[in-house]
Structures are given as structure tokens and as C-alpha cells.
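By convention in this document, chain letters (A, B, ...) are assigned in the order of the sequence lines, proteins followed by strands, and residues within each chain are numbered from 1. Because the structure is a prediction, the values reported are computed rather than measured.
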Amino acid sequence: MKEPIAGTQKLMDFLRELLVRSGQNPTFRSDEKLFLSGRLDSLAIVQLIDFLETEYSVDFSKRLLDPSDFESADRIRETFLT
Amino acid sequence: MTEIRAPKVTANDTHLEVLKFLVNEGDRVTVGQQLLELGTSKASFALESPADGFVQFFFAKGDFCPVGEILGRLHEKPIGESMNRRKEAQVRALGGVFQQALPASLTVQLLIGSRMEKIRREGKDQLYLLATIIHSLVQAIAPKPRFNSFIKEGRTVTRDRLNLGFALNLTDQLNVVVIRDVDKMSTEYIVSEILRKMLKSQQGKLTPEDVSDASFTVTSLLAENIFSFPPLLSDGQSFALGIGGDADLPGFPLTLTITYDHRIFEGREVAAVLNQTKTDWLRDSRE
């Protein structure tokens, strides 16, 4: 697993938690497509959005919610946290 | 008795839209009298009565009538019944009570295995699959106002906006969230709006606006691997779509079941919508 960039440790922890909640092995690569592989689903996206709003103050109110923006930890960071 | 048929007007138009009735059902009309206004893809025209008689129509304003199909009939004697009264008699004959919905169900089946693989390859999941099906259904019903109608106190009411109700079961409580003007949305936008409502549901922030005035409801039990089920009809709606399927069976069969209010629809109208939804979805999701 790649070292998470500063300030995104919470994101990595939360993705691990989502994997555990859905009965998956919590180990993943930051570029792994968690939805494409079927490890996470739409419900997990909703939980991720809720998490990003709360923890990182990301404003989703005027944004098209595109599941592909949540496909991997790297993509989430690039899209919402940089 | 004389039949009134939808004439062939242009080489390309296979259907004519019923734009306006120029006489009332049951009126005594004479040969050559203008009965109703019909629309082609390019223009509108008034259809004249082919004979004298008391007129009866089989299509409603906004319906699309296939060219050559019987639009109505001219009777020698007064028909005495409005469309609703005619339908009421049919409902009673079927053992129903006109004041209550008379639910009936129809199902079509399709194999989606290879298409589901394509959706997954594109990084999308089952929610996207549902949105593509909803999009195809909406395109099929949008030109048919009857699919946005319901019966209230014995009268047919038609909504101005086509609003999707989507059944969510994220918590202990089942919510039907409403996405307004779904006929104006792309598949991607439908996905986004469903996610947004799921978020509000999870956060306990759904407002009355978020859960009211659905034209129809879509329920999916795909995630539960339920092959087929008749969805329940809600108050103020005339039909509901149930999406089922079994990913463990060869080819991943998927079923689309519509429960409809027989006081409003004939089975063949619903069958036509189901088959159009199926055909359009198969075409649009082709690899």
C-alpha cells in the first residue's frame, strides 16, 4: 500500500472501515478500483459522501454525483481533496 | 357501426398523436364533421367523420395511435357511457370495485449478463444499471400522459410533471424518495439524484418534498437476487415497476414487472411499454 498523502489518513481509515463493514479484507492499494472490483457499492458511495462532507467540508450540493469519482482512494483525493 | 381509423398521412409517420377532441364522446356527428385533431411529426390536421353516428373514442388526448389502428367507432344508437363508465363496467365484470385500484401485473424477462459485465468494466455498479432501465422506461412513458395519471374520487387526474419514486431501504424504514422531472434527465443525472436522496435519507434530512407526489414507483430486489415480484401500487399512482433478477443463473436473467391499475390501463398498453423499455434498453446498452 502506498503511503497516504498528508491529511488523508482519515480517508484511508474510513475506506478500510467501509471494507470491513461489507465483510471484505480491509487491505487495498490507493489506486485500486474498489467499486469496479465489486468490493464496494453505491451505499458505500453515499457513506463516503457523508464522510467527505463532515470530515473535509466538501460541498456536494451543486456537483453531479458521479460514482466514478469515488472509484479509488487516489481518485477521491484528486477530485475532492486537492 | 363504423370504425374510425388513424389514416396514413405521411410516408414516415407510424403513429399519430391525439392533440385535441373537437366533439365530445357520445355526441351525434355527421359525415364530414371534424372529430379530432391529430398530429404527425410535421403538422396537425382535423380528422373528419367517415359516417353519421354517435361517436366513441378509444384513445385519450396525448396518446399516440398507430397508423391504421381503430381510433374510435360510430354507433347507430346513443352509446350512453363515458370512457370512465365503460371502463367501470369492465372493472365490475372483472370482479373489482371502481372506487379501489384493481391491480394487475405483467412481466418481461431479458438476459443481461454480458451487458452487466460491460457496465462493471466501465467502473459502474448496479445503481447505474437501474438508472439505465429507469431512463428507458421514462422515454417509453413520457409521451403517454395516461402513465402520469391516477384516479381520485372517481375522476382521472393527470400530473404536469413526471416524477420518479424510488424505493430505498437503507435503514429500518422503507422510504420512497421522489425525483422530479425525471423525463428531462440523463442516466448520469438520475444516478446522481438517487445518490443525493440516499444521502439525505441516511442523514435523516428527507423533507416532505423529497417523498411526495411520485407519478410511479420503481423498486429493485436485484441485490437480494429475487427473480421476479409484483410491486405494490401506491395511492395516487397508476403503475409501479419491480426490477428483479438472479445473478447466479446463466446469463443473469433480469425481470421487469409492472403492476398497473386496470381502471386506467388495458393490459396491451402496459405490455407495449414494457416491450419498448426492454427493446430500447437492449439497444442503448449494446456493446
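B:Val211 places none of its side-chain heavy atoms less than 4.5 Å from the side chain of B:Val176.
For A:Leu64, the parts sitting under 4.5 Å from any heavy atom of chain B are the backbone and the side chain alike. Interface remark: A:Asp41 contributes backbone and side-chain atoms alike to the contact with chain B (heavy atom separation under 4.5 Å). B:Tyr128 does not touch chain A: none of its heavy atoms, backbone or side chain, sits under 4.5 Å away.
Per-residue counts of heavy-atom pairs under 4.5 Å with chain B were compared for A:Gln47, A:Lys33, A:Glu71; the largest is that of A:Gln47.
Residue A:Leu15 comes nearest to A:Ala73 through the heavy atom pair CD1-CB, 3.6 Å, listed as atom of the first residue, atom of the second, then distance.
Proximity of the aromatic rings of A:Phe80 and A:Phe70 is defined here by a centroid distance below 6.0 angstrom, and this criterion is met.
Taking the six-membered ring for Trp and thresholds of 30 and 60 degrees, B:Phe265 and B:Phe239 have ring planes more than 60 degrees apart, a perpendicular arrangement.
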